[in-house]
Amino acid sequence: MALKFYNSLTKKKEVFTPLNEGRVNMYVCGPTVYDHPHIGHAKSYVSFDVIVRYLRYLDYKVRYVQNITDVGHLTDNADAGEDKILKRAQRERVEPAELVEIYTKSYFEDMDALNNLRPDISPRATAHIPEQIEIVEKLIEKGFAYASNGSVYFDVQKFTEYGKLSGRKQEELEAGARIEINPEKRNPSDFALWKKAEPGHIMRWKSPWGEGFPGWHLECSAMSMKYLGQTLDIHGGGLENIFPHHECEIAQSEAANKSPFVRYWIHNNMVTVNGQKMGKSLGNFVTLKDAFTKYNPLTIRFFILTTHYRSPLDFSNEALDAADKGLERLYNTIVNLREQIDSAKDGSTPSGIYEKLEHYKKTFLEAMDEDINTPGAIAALFDLSKDVNTLLNSGQEISKMCLEDIDRLCQELAGNILGIIPKTFESKKKGEADVLDNVMRVIIDTRNELRKAKQWQLSDFIRNKLTEIGIALDDKPDSTAWKRIKK
RNA sequence: GGCGGCAUCGCCAAGUGGACUAAGGCCACGGUUUGCAAAACCGUUACCCUGGGUUCGAAUCCCAGUGCCGCCUCCA
């Protein structure tokens with residue numbers, strides 16, 4: 001078994017081998033923090049989170065860097081329009097630094113809720129201005145860039161490999177391009193490394209070319225280089241960034257360093273909402289904070305993972321509801337499993353159980369190895385869950401050790417790798433001196449007395465009333481369990 | 001106009017040359033279990049967009065067509 005990734009650069013699935021054995025340097029384009037994160041962010045960062053988790057599961061020492069863009073991302077394209085941060089800050093009447101703080105916090109809040117592990121480093125563009133200036137100077141020195149009227153542009157014609165990632169050719173770019181003619185540029189497809197700050201532009205830094213601010217593409221090159229070296233093992237991002245963003249990153253970095261920038265380019269596909277592209281201009285944005293009011297964040301995470309990261313994901317209530325029920329099924333198994341662990345006595349080890357566990361684990365890992373096929377991995381989980389359910393319902397006494405081994409495997413695959421298992425199940429608060437639990441005990445005992453007396457009407461009344469307030473009862477042969485449900 | 005992707009059961013979604021008489025989830029319908037439920041389990045439902053071709057063999061490769069989508073302003 002070997003982990004394979006689809007590499008956008010070569011357009012092929014390739015066996016993954018890091019530059020340095022046992023270590024993986026990974027960079028993922030982070031958010032521009034000028035608004036609350038939306039479900040598109042969720043798809044992207046959940047996808048890469050699972051990649052990081054899986055690499056670590058495979059014992060790679062991963063350094064995961066994800067930038068925070070807090071300057072330089074312009075509204076029209078990378079070199080025209082207003083700075084998004086600045087524009088929004090003016091609208092909300094706050095300092096740009098304040099705005100950035102608000103939305104960075106919001107971003108991490110939502111990513112935490114989705115159970116994404118924090119990146120090892122979350123560098124900010126504004127904290128790396130000197131590094132960016134340094135690259136610009138280097139590029140000018142080497143003849144790849146030129147200063148023009150206080151701005152600096154990358155001379156695309158000097159970098160013959162420009163277009164190798166996106167498959168775009170220079171001539172084509174210029175032909176149909178919607179790029180406005182900028183007299184400062186030698187060539188329409190040249191892109192800004194450094195922009196001159198007009199009077200009144202408050203986000204500005206001193207540079208050899210006068211006061212200005214960095215171009216958007218530059219930060220990723222500067223920060224990845226600083227924290228991960230000249231050649232990255234993995235660079236990830238949304239596929240809408242292939243051109244121009246990633247193409248420009250390659251040009252800058254490789255022109256400056258003369259070494260390959262990235263070994264594996266990984267791009268995730270986009271989110272649509274009810275079949276329609278989600279876009280700023282279309283105004284059909286779904287923020288995560290909104291989505292979380294209707295769905296558990298882990299449901300959204302699970303939903304994202306039921307589709308391959310390179311496939312588009314359509315966000316609709318029907319699909320989310322279906323995912324929610326599916327996840328509930330998985331949770332039921334684990335909740336029941338843990339319940340039996342608590343009450344387990346000396347039982348036996350069912351024959352063939354370890355072979356089965358091994359089989360499902362293998363199926364799961366093989367799916368993950370094939371370019372992180374999470375839908376396949378999840379299918380293996382459902383198969384496992386079915387077998388476990390059968391076992392748990394069989395009525396036979398199973399040894400505690402065996403049950404714990406099953407639980408451990410579930411935790412390993414669904415918990416550690418996919419991150420879809422909550423730390424504690426809200427519905428069960430076992431081991432806690434929980435008032436509700438005690439009250440429920442009294443109600444259940446009372447109701448079971450009624451059931452013994454065949455008082456069905458009254459016992460059904462109690463159960464129905466509890467269902468109405470969001471508590472489900474589950475009558476088993478020798479006991480009754482309860483859990484919280486969604487109303 | 002240029003570049004790229006997709007079309008698999010009612011819905012979602014894996015599979016990308018041979019164990020596919022096509023995984024898994026949701027929904028529906030039968031059944032087992034239950035005092036009745038719930039949960040769980042068993043069962044039922046696909047000529048893989050169309051037409052050619054390559055091959056001993058194709059959902060999987062090639063060509064053509066049809067439909068949908070993304071990128072080439074902004075966006076993860």
Side-chain angles (χ1 to χ4, degrees), chain A residues 8 11 13 28-32 35 37-48 73-78 80-81 84 163 166-169 171-173 175-180 189 236-245 267-272 275-282 285 302-303 306-308 310-314 316 318-330 332-333 335-336 363 367 370 373-383 385-390 392-394 451 454-457 459-460 463-464 467 472-477 481 483 485:
Chain A
S8 314
K11 310 232 186 309
K13 254 190 218 176
V28 171
C29 282
T32 302
D35 207 343
H38 51 69
I39 51 181
H41 292 102
K43 175 163 164 72
S44 184
Y45 299 121
V46 165
S47 299
F48 289 111
H73 199 165
L74 306 184
T75 50
D76 289 349
N77 62 42
K84 289 180 168 180
S166 58
R168 265 161 244 253
K169 305 206 167 47
E171 315 82 66
E172 290 163 1
L173 283 174
R178 283 182 263 174
I179 302 171
E180 275 181 52
S189 48
L239 60 74
E240 85 286 356
N241 277 333
I242 289 178
F243 189 89
H245 188 50
H267 290 99
N268 67 278
N269 216 312
M270 315 291 281
V271 171
T272 53
Q276 232 201 347
K277 169 194 156 95
M278 185 176 78
K280 294 254 141 75
S281 42
L282 287 165
F285 258 48
F302 174 75
F303 172 62
T306 55
T307 300
H308 188 90
R310 280 193 292 115
S311 300
L313 175 74
D314 188 48
S316 69
E318 298 72 49
L320 259 298
D321 288 340
D324 194 50
K325 285 184 182 149
L327 185 58
E328 183 71 23
R329 188 184 182 75
L330 249 25
N332 277 337
T333 300
V335 168
N336 290 335
T363 310
E370 276 301 315
N373 184 347
T374 51
I378 287 171
L381 241 35
F382 277 106
D383 287 338
S385 138
K386 193 166 278 186
D387 263 357
V388 174
N389 285 335
T390 302
L392 295 178
N393 289 339
S394 67
R451 290 175 67 216
K454 297 201 191 302
Q455 299 256 25
W456 307 128
Q457 267 197 346
S459 37
D460 286 352
R463 186 172 58 194
N464 291 340
T467 308
L473 293 188
D474 174 14
D475 291 328
K476 296 177 179 181
K483 64 176 179 180
I485 50 165

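In what follows, every chain begins at residue 1, and chains take the letters A, B, ... in the order their sequences are listed. Side-chain atoms are counted along with the backbone in the values below, which use heavy atoms only and exclude waters and symmetry mates.
- To the nearest 0.5 angstrom, A:Gln276 atom CD is 13.5 Å from A:Ser316 atom OG.
- Atom OG1 in A:Thr333 sits 7.5 Å away from atom CG in A:Leu392 (nearest 0.5 Å).
- Between the OG atom in A:Ser8 and the CG atom in A:Asn268 there is a gap of 9.5 Å [rounded to 0.5 Å].
- A distance of about 47 Å separates the C1' atoms of B:C61 and B:A39, rounded to the whole Å.
- Toward the 5′ end of RNA chain B lies the nearest nucleotide of A:Ser166, the other residue of the pair A:Thr390 and A:Ser166 mapping further downstream.
- Spacing between atom CZ of A:Arg168 and atom P of B:G2 amounts to 13 Å, rounded to whole angstrom units.
- The distance from atom CG of A:Leu320 to atom C1' of B:A13 is 15 Å, rounded to the nearest whole Å.
- A:His41 and A:His38 have tilted rings, their planes meeting at an angle from 30° to 60° on a 0 to 90° scale.
- A side chain to side chain contact (heavy atoms under 4.5 Å, CB included) with A:Thr307 holds for exactly one of A:Thr374, A:Asp314, A:Leu313; it is A:Leu313.
- The distance between atom CG of A:Leu313 and atom P of B:C6, rounded to the nearest whole Å, is 17 Å.
- Across all strands shown, nothing is found opposite B:C48 as a Watson-Crick or G-U wobble partner with both distances under 3.5 Å.
- Side chains of A:Phe285 and A:Asp35 form no contact here, defined as non-hydrogen atoms less than 4.5 Å apart.
- Using the Watson-Crick or G-U wobble rule with both distances under 3.5 Å, B:C41 pairs with B:G31.
- Distance from the side chain of A:Glu240 is smallest for B:A76 among the nucleotides B:A76, B:C36, B:A40.
- Toward the 5′ end of RNA chain B lies the nearest nucleotide of A:Ala319, the other residue of the pair A:Leu473 and A:Ala319 mapping further downstream.
- Nucleotides B:C27 and B:U33 have their P atoms positioned 23 Å apart, rounded to a whole Å.
- Pairing for B:G1 goes to B:C72, judged as Watson-Crick or G-U wobble with the two contacts each under 3.5 Å.
- For the C1' atoms, the distance from B:G18 to B:A13 is 24 Å, rounded to whole Å.
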Subject >> Under 4.0 Å protein heavy-atom contacts per nucleotide of nucleotides 14-30 of chain B, with B for base, S for backbone only and - for none >> reply: SS-------BSSSS---
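- Using P as the reference atom, B:A59 and B:A22 are 12 Å apart when rounded to the nearest Å.
- Here the straight-line distance linking atom OG of A:Ser385 with atom CG of A:Asn336 works out to 10.0 Å at 0.5 Å rounding.
- Distance A:Asn393 CG to B:U34 P: 12 Å, rounded to the nearest Å.
- For B:C61, the paired base is B:G53 (Watson-Crick or G-U wobble, both distances below 3.5 Å).
- B:G15 sits 28 Å from B:U55 when the P atoms are compared, rounded to a whole Å.
- Judged by Watson-Crick or G-U wobble contacts below 3.5 Å, the nucleotide B:U21 has no partner.
- Pairing of B:A13, defined by two Watson-Crick or G-U wobble distances under 3.5 Å, is not identified with any nucleotide.
- Separation of the C1' atoms belonging to B:C11 and B:C56 is 38 Å when rounded to the nearest angstrom.
- Nucleotide B:C74 holds its C1' atom 14 Å from the CZ atom of A:Phe243, rounded to whole Å.
- For B:C41, the OP1/OP2 oxygens have a side-chain nitrogen or oxygen of A:Asn389 closer than 4.0 Å.
- Among B:G70, B:A76, B:A39, the nucleotide with an atom closest to any side-chain atom of A:Asn336 is B:A39.
- A:Asp475 comes within 4.0 angstrom of a nucleotide base, judged by non-hydrogen atoms across all strands.
- Nucleotide B:U66: paired with B:A7 (Watson-Crick or G-U wobble, both distances less than 3.5 Å).
- Taking atom CG of A:Asn241 as the reference point, atom P of B:C71 lies 11 Å away to the nearest angstrom.
- Residue A:Lys11 has no polar side-chain atom (N or O) positioned under 4.0 Å from OP1 or OP2 of B:G5.
- Not counting sequence neighbours, A:Glu240 has no partner by the salt bridge (Lys or Arg N to Asp or Glu O under 4.0 Å) test.
- Nucleotides B:G24 and B:A40 place their P atoms 16 Å apart, quoted to the nearest Å.
- Atom CZ in A:Arg463 sits about 12 Å away from atom C1' in B:A39, given to the nearest Å.
- Taking the P atom of each, B:U21 and B:G5 are spaced 28 Å apart, rounded to whole Å.
- Within the nucleic acid shown, A:Leu392 has no heavy atom closer than 4.0 Å to any nucleic acid atom.
- Look at NE2 on A:His38: it is 14 Å from P on B:C74, rounded to the nearest Å.
- The distance from the OG1 atom of A:Thr363 to the CG atom of A:Asp383 is 7.5 Å, given to the nearest 0.5 Å.
- Between A:His267 and A:Ile242, the closest side-chain pair of non-hydrogen atoms falls below 4.5 Å.
- Nucleic acid contact class of A:Val28 (heavy atoms, under 4.0 Å, all strands): none.
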